[in-house]
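One structure is given here, and the rest of the page talks about it.
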Amino acid sequence: MPFVLLIGAAVLLAVGVPVFVAILAPTLLTFDLFGPGLPAFTLVQKMVQGINKFSLLAVPLFIYAASIISNGQIGKRLVALVESCLGHLTGGVAIATIVSCGLFGALSGIGQAAIVSIGPIVYPLLIRQGYSPGFSVGLLLCASTLSMLIPPGIAMILYSLQSMSSVGDVFLAGLAAGLIFILVMSLYAYGYARFKGLRGAERQSWGQRLEALRRSGWALGLPLIIFGGIYSGVFTPTEAAASACVYAIFVECVVYRNLDLKSLLNVSTGSAGIIAGIMILLTAGAALSYYLTLENIPGLVADLLAGRSPFEVMLYLNLVFLVTGMFIDPNSTVIVLTPIVYPAAMQLGMDPVHLGAVVTMTIAIGMITPPFGINIFVGMVTFNVSYMEVVKSALPFILLALVTLLIINLSPGLILWLPAHLG
């Protein structure tokens, strides 16, 4: 059964079939051939139950908010604020780019959106400051993955739903991992600028910084609503996502007057397609998870890992999520693999919140890793460069990301400090 399931899914993915079909078709086939004799509509019921969850509403709402932000002024004004404060330092423009991607992650939760929204703004500035095109592209590809780690990352919400973990605690663990990643990339950017003799941008006056702060005041309200609402207990994550949508629409349409009703309709239509794709993936993942549970696959995985050290188990999990993330999108990776590995990890005494940070960081690396990391192709289109140029640019930053992953693996206390004190 596992052989038929895996080979069927791999063949369908190889010929370009949509991911949800590659998951669902082999599941239905193996259920019919090798299943426990239950009627097929049992799987259909599980598919519906897979998306019949109140907390799942946070996913489409945050995606919609991200689409509004990507097409508006909020992200641009935050970038201008960060550059006014950090741009004059050695490596300051590169560091400002990293921090801007982190802030954008606090607004959107989608890595590709950061490339498309921030990339065209900061890429020319990086080139003018003397950074090579390769460094600039690699930096933007890698920093864009911060949107996976900095709450409200969509992958973290999906992991929380699949593992029945606290969304708030997983968010805080992802924030800790994201801050470590920002520090690692910033140190590299500083060292690169010192080695190349690159100077920072012209220092802006306090008046210019205050003006940038004034212009970004409404934009700064959005992360305040999301984080403040969730961790003050005023909002659930789902309510925070709904509030973020309303606030983003108000700011972009009424305050900044950047979006009119026609533009908002176009944004809504585009978001609907993305949301529908994720929802149908969730239904397929629910069917697969139910069938694998019937066949005791998670138990078999736990038996295979029994007797291994925690570091060995974490290494195996890293490899599985990393390789899978190279070939399919991060949301599909979380939906398919979490129900398989989570029970085994819990039997071995791993902390579910720490595991969420590890999983999210690993699939974030997969997004920029050849051969099929999704951010590679987004970067090709955004910066008009070839596949090999993007891959070559990303390699040093992939190494940085792997160093960060090692730190996250070996430092559960560091990752769990925020959930323990603020969760």
Side-chain angles (χ1 to χ4, degrees), residues 58-72 74-76 78-79 82 96-123 137-160 167 170-186 219 222-223 226-227 237 240-241 244 248 271 274-275 278 325 329-331 333-334 356-357 359-369 373-379 382 394 397-398 400-401 404-405 408:
V59 174
L61 290 170
F62 274 128
I63 290 173
Y64 186 39
S67 297
I68 296 168
I69 295 164
S70 298
N71 288 274
I74 291 176
K76 297 180 177 65
L78 287 177
V79 170
V82 174
T97 299
I98 297 166
V99 175
S100 296
C101 287
L103 279 176
F104 196 85
L107 304 178
S108 69
I110 302 175
Q112 301 93 299
I115 300 176
V116 175
S117 300
I118 295 179
I121 302 172
V122 300
Y123 179 75
V137 171
L139 177 70
L140 282 161
L141 289 184
C142 191
S144 69
T145 62
L146 287 168
S147 293
M148 299 282 293
L149 296 165
I150 304 293
I154 301 301
M156 288 189 286
I157 299 175
L158 294 174
Y159 170 83
S160 301
V167 176
V170 175
F171 274 179
L172 288 173
L175 176 61
L179 292 175
I180 294 172
F181 198 17
I182 288 174
L183 177 61
V184 170
M185 285 191 289
S186 297
L222 192 54
I226 296 172
F227 288 104
S271 299
I274 298 172
I275 292 166
I278 290 180
D329 69 277
N331 296 326
T333 302
V334 173
V359 166
T360 306
M361 182 67 204
T362 307
I363 59 177
I365 299 173
M367 293 174 65
I368 60 172
T369 305
I374 189 170
N375 281 15
I376 293 175
F377 300 99
V378 176
T382 303
F397 292 94
I398 294 172
L400 290 178
T404 305
L405 178 62
I408 295 171

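Position 1 is the first residue of the sequence; numbering continues from there.
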Would you name the heavy atoms of I98 and A143 that are closest together and state the gap between them?
CA-CB, 4.2 Å
Once you round to the nearest 0.5 Å, how far does CZ of F181 lie from CG of L400?
7.0 Å
Between atom CD1 of I115 and atom CD1 of I376, what is the distance when rounded to the nearest 0.5 Å?
10.0 Å
Can you see which heavy atom on I408 is nearest to which on A177, and at what distance?
CD1-CB, 3.5 Å
Rounded to the nearest 0.5 Å, the CD1 atom of I365 sits from the CG atom of L405 at a distance of 4.5 Å
What heavy-atom pair brings I363 and T333 nearest, and what distance separates the two atoms?
CG2-CG2, 3.6 Å
Can you see which heavy atom on G102 is nearest to which on L146, and at what distance?
N-CD1, 3.9 Å
Residues forming a side-chain hydrogen bond (donor to acceptor under 3.5 Å, both in side chains) with S271, sequence neighbours excluded:
S67
Just so I know, are the side chains of Y123 and V137 near enough to count as touching, which here means a heavy-atom distance under 4.5 Å?
yes
Answer with yes or no whether the side chains of N375 and S144 bring together a donor and an acceptor at under 3.5 Å.
yes
Side chain to side chain contact (heavy atoms under 4.5 Å, CB included) with A65: which residues, sequence neighbours excluded?
A244, C245
All ring pair (Phe, Tyr, Trp, His ring centres under 6.0 Å) counterparts of F227, not counting sequence neighbours:
none
At their closest point, which heavy atom of I368 faces which heavy atom of L141, and how far apart are they?
CG2-O, 3.5 Å
Please name the pair of heavy atoms, one in A401 and one in M361, separated by the smallest distance, quoted to 0.1 Å.
O-CE, 3.6 Å
Would you indicate whether the side-chain heavy atoms of P60 and I278 approach each other to under 4.5 Å?
no
Checking F397 now: which residues fulfil ring pair (Phe, Tyr, Trp, His ring centres under 6.0 Å) with it, not counting sequence neighbours?
F135, Y188
Could you give the side-chain donor-acceptor pairs of residues 148-160 under 3.5 Å, partners two or more places apart or in another chain?
residue, atom, partner, partner atom, Å
Y159, OH, P352, O, 2.7
S160, OG, M156, O, 2.8

Sequence neighbours left out, what passes side-chain hydrogen bond (donor to acceptor under 3.5 Å, both in side chains) with T362? Give chain and number order.
N318
Start with the C-alpha distance between I226 and F62, add both sets of side-chain angles, then the distance that settles side-chain contact (heavy atoms from CB on, under 4.5 Å), and finish with yes or no.
CA-CA 10 Å; I226 296 172; F62 274 128; 4.1 Å; yes
From CA spacing to verdict: side-chain contact (heavy atoms from CB on, under 4.5 Å), V59, N331
CA-CA 11 Å; V59 174; N331 296 326; over 6 Å; no
Whether the side chain of T145 engages the backbone of C142 through a donor-acceptor N/O pair (distance < 3.5 Å, no angle test) should be reported.
yes
What distance separates F104 CZ from K76 NZ, expressed to the nearest 0.5 Å?
8.5 Å
Partners passing side chain to side chain contact (heavy atoms under 4.5 Å, CB included) against L183 (at least two apart in sequence or in another chain)
L187
Pairwise distance SG(C101) to CE(M185) - rounded to 0.5 angstrom:
7.5 Å
Heavy-atom distance under 4.5 Å between the side chains of L103 and P223, does that happen here?
no
